[in-house]
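Quick notes on the structure that follows.
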There are 2 protein chains.
Amino acid sequence: MPKQNQYEFWPKIVLPIPNMSPSNTTIRDVARLSGVSPMTVSRVINDSERVSPETRRRVEEAISELGYVPSRLARGLSRQRTGTLAVIVPDVANPFFTAVVRAAEEVARRADYQVILCDTRADLNVERDVIDELIAHRAEGVVIAPVSDRSAAQLRRLAEFGVPFVLIDRTIPEIDCDVVLGDSTGGARQLVEHLISLGHRRIGFIVESDDVSTARDRRRGYEAALSAAGIALDPALVAHAAPDPSGGSAGMRRLLELEDRPTAVFTVNNLVALGAIEAVRAAGLEVPDDVALVCFDDIEYASRLYPFLTAMEQPAQTFGTLGTQLLLERIEGRGPERRHEVVLPGEFIVRKSCGAK
Amino acid sequence: MPKQNQYEFWPKIVLPIPNMSPSNTTIRDVARLSGVSPMTVSRVINDSERVSPETRRRVEEAISELGYVPSRLARGLSRQRTGTLAVIVPDVANPFFTAVVRAAEEVARRADYQVILCDTRADLNVERDVIDELIAHRAEGVVIAPVSDRSAAQLRRLAEFGVPFVLIDRTIPEIDCDVVLGDSTGGARQLVEHLISLGHRRIGFIVESDDVSTARDRRRGYEAALSAAGIALDPALVAHAAPDPSGGSAGMRRLLELEDRPTAVFTVNNLVALGAIEAVRAAGLEVPDDVALVCFDDIEYASRLYPFLTAMEQPAQTFGTLGTQLLLERIEGRGPERRHEVVLPGEFIVRKSCGAK
DNA sequence: CCAGATTGTGGTACCGATAACACGGTGGCG
DNA sequence: CGCCACCGTGTTATCGGTACCACAATCTGG
């Protein structure tokens, strides 16, 4: 259960503050001090161009004397580019997305872009608002792990405004753009086949709503594994739940209440697994003894402390770096005519939760 | 060991791209279409003001017909405010800071500010660059967990430019501003006293460089606890190391090599603890049997999966919300004359790693 | 020795919005 | 009936840069 925030309603204090000097030096001030035109100063701060060494020296002197820093706003307005790009994820606190964001931020910074971070909390409305804001901000591109297929509307809006974007982790059927994905179907199949190889026949699946591509694809993998093993699909074993710990708990509780309950469970991601495990324990049972468990995505720090989750680990950082690189290519007008669809293989890591050996 | 990123050098593809229409509708287009002046359109999009219902209707119609979205750049330039603020942390991947960032982002968004996320990777130079960028961007305020005391220079720079900022998690001696802190000294003392109460007399401490206030304060707490128990301080038991898992491992290795090695260790934070535990295990020993361990900050998801770390958990979210709220007060000119110094108590959580009971 | 290129610099007009003021029309009130 | 307040709207200047073109001075080569 997330900590309640006792200071949510911190009492408002209304008092005057000692205003600091909003030191607003402009290019014209620099020009005046160094006895040249603003245009020449502009040339100096943008390097390049032909400026005599002597003039350049004088201008640079004036700049450092006045502590002048050019305004990105003005520059952006006039150049029609902001040097800003956005990363949108449904939950930064999910270690998978944290890694994505971190990597994206680094790539962007190296390419001299600033990053606006947006956490949609898997809420379609927040996502819409956030995207509108980004359009207003004239962000030059967006790396986004969309909330669901219904994000299509807002992505089309981005496209209308000529803002390139790259989807990561999730595709959206009608949206045609660069994409960086994991191998959800294959990975899921491998996980479930592993459970089957351990002798499990009744295998549950806790998954979020079917309008998220990863959920669909992983369900597909789950079904493929079952059918390949000649196990009939029992719809009662598929529990739909929110893609977070509380959803995982709820889903697992439902599965445990079944008459003929599963002996193993596959969860759609790491946080769902976490909640599911908590539910198993709350029911006085244990993983993997009473219920074996496998999932997608690792929880790095947890696994280092205690290698427990048998998981299909995805290269989260690569999602971030690669997604951002593809985006930068689009922004800079490079990038192939045809869209890029990169599928990154996961790494199957067997640990305790599946009960192997 | 963090995953190597195999796609760091993704091959560059150079091809033309099908350019989308950079639909650049301006306020003037809307004005033309609705047969009014740009000023009137401006009045409509900023609500308020006195505009006849009929005109407003016509303008709104034109706006939606053209799909017009006002440019934040232009607005910012003219209004002299950007509606942007920044959150700077040394490591977003640290669950503590992830929570801070997430909370800050939410508070900011609710107040209609956009957030620029900056991860300094605990590198003073990156921090300097990032802050320069923010000044250029005319960010209206900054919530920052500074790299160290040597961040003072860049913070003074911010102040010179009239950008208000709030320090979180760490103070800096000469910098006088709003601050949201944990009770490092008290918390550390409590942790170490707990170890002492369990019978430990040789207690190690793995800590980062002394120019970070939390490190100093926690050392102070460590020393206070020892001296209160009449235990002499043995400098050999204080290992300095980077504030991350690898630092923790290195530090613990050094402690384990001591002739008279500690029976318990206190680490300055969660990630250091993680590395320290790995080092203990690598040495063929176990926590808490061979070495008891306590630390600052929890790793939430890890602890839910496996309640192991005995820790002083800090209310990370509150650091974020409160820090951002204080910042917003400053920005809006409210906020007390005298600086705010908020100290949030941590929660002492006893689990396995200390070997209690 | 002069046409033509090159170099360093300045002038002007924007980028897209808003602040501040101006102005014609309506209605209330003495 | 005329003055004034107010309403709705337009005009102009400006925010802080840069693109584009102009222009004088110097350099090149035939």
Side-chain angles (χ1 to χ4, degrees), chain A residues 22-60 62-63 66-84 133-140 161-162, chain B residues 22-60 62-63 66-84 133-140 161-162:
Chain A
S23 152
N24 270 334
T25 318
T26 80
I27 201 170
R28 272 169 254 272
D29 300 323
V30 177
R32 203 156 20 232
L33 181 61
S34 49
V36 299
S37 77
M39 200 50 234
T40 301
V41 177
S42 173
R43 292 193 177 100
V44 171
I45 60 187
N46 291 297
D47 280 329
S48 62
E49 302 299 332
R50 318 170 293 211
V51 179
S52 79
E54 164 59 10
T55 307
R56 158 162 284 128
R57 199 192 51 69
R58 284 221 318 284
V59 171
E60 280 167 350
I63 287 179
L66 294 173
Y68 165 71
V69 177
S71 157
R72 259 187 181 253
L73 283 180
R75 175 180 282 165
L77 186 59
S78 140
R79 287 219 277 236
Q80 296 288 59
R81 53 179 304 268
T82 53
T84 310
E133 274 305 302
L134 294 175
I135 291 174
H137 205 288
R138 305 296 190 256
E140 290 184 51
F161 280 86
Chain B
S23 153
N24 269 333
T25 319
T26 80
I27 201 169
R28 270 170 260 273
D29 300 323
V30 178
R32 203 154 23 231
L33 181 60
S34 50
V36 299
S37 77
M39 199 52 231
T40 301
V41 177
S42 172
R43 292 192 177 102
V44 171
I45 59 188
N46 290 298
D47 281 327
S48 60
E49 302 298 334
R50 319 168 293 209
V51 180
S52 79
E54 164 58 11
T55 307
R56 157 161 285 129
R57 200 193 49 70
R58 284 220 319 284
V59 171
E60 279 167 351
I63 287 179
L66 295 173
Y68 165 71
V69 177
S71 157
R72 259 188 181 253
L73 285 179
R75 175 179 282 165
L77 186 58
S78 147
R79 286 220 279 237
Q80 296 287 63
R81 52 179 305 268
T82 53
T84 310
E133 273 305 302
L134 294 176
I135 290 173
H137 205 288
R138 304 296 189 257
E140 291 184 52
F161 280 86

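Residue numbers start from 1 in every chain, and the chains themselves are labelled A, B, ... in the order their sequence lines are given, proteins ahead of strands. None of the values given here were measured: they were computed from a predicted structure.
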Round to the nearest Å and state the distance from A:R72 atom CZ to D:dT18 atom P. 12 Å

Flag, side chain of A:S34 to backbone of A:V30, donor-acceptor distance under 3.5 Å: yes

With the sugar-phosphate defined as primed atoms, P, OP1 and OP2, and the base as all remaining atoms, what B/S/- string results for nucleotides 8-13 of chain D, 5' to 3', for protein heavy atoms under 4.0 Å? BBBB--

When rounded to the nearest 0.5 angstrom, what is the spacing between OG1 in B:T82 and NE2 in A:H137? 7.0 Å

In terms of heavy-atom contacts, A:G35 and A:R58 come closest through O-NH2, 4.0 Å

With rounding to the nearest 0.5 angstrom, report the CZ to CZ distance, A:R81 to A:R72. 8.5 Å

Can you check the B:L66 CG to C:dG16 C1' distance for me, whole Å? 15 Å

Once rounded to the nearest 0.5 Å, what's the spacing between atom CG of B:L33 and atom OG1 of B:T25? 10.5 Å

Between the side chains of A:R57 and A:E60, is the shortest nitrogen-to-carboxylate-oxygen separation below 4.0 Å, so that they form an ion pair? no

Between C:dA19 (P) and B:I45 (CD1): distance, integer Å: 11 Å

Axis-to-axis angle across the helix from C:dC1-D:dG30 to C:dG30-D:dC1, five pairs an end, to 10 degrees? 40°

A:L73 CG to C:dC15 P, in whole Å, measures 17 Å

Expressed as a whole number of angstroms, how long is the span from B:R75:CZ to C:dA17:C1'? 8 Å

Sort out for me which residue in A:T26, A:D29, A:I27 forms a side chain to side chain contact (heavy atoms under 4.5 Å, CB included) with A:P38. A:I27

Given the rule in the side-chain contact (heavy atoms from CB on, under 4.5 Å) test, do A:N24 and B:Q80 qualify, once you have shown the distances and angles that lead to the verdict? CA-CA 10 Å; A:N24 270 334; B:Q80 296 287 63; 4.1 Å; yes

In whole Å, I'd like the distance from the CG atom of B:N24 to the C1' atom of C:dC14. 14 Å

If the cut-off is 4.0 Å, is A:Q80 near the phosphate of D:dT18, judged by side-chain N/O to OP1 or OP2? no

Verify side-chain contact (heavy atoms from CB on, under 4.5 Å) between A:R138 and B:V69, making sure each step is shown before the conclusion. CA-CA 10 Å; A:R138 305 296 190 256; B:V69 177; 4.3 Å; yes

Tell me: CG of A:L77 to C1' of C:dA13, nearest whole Å? 13 Å

Nucleotide D:dC15, atom P - distance to CZ of B:R138 in whole Å: 13 Å

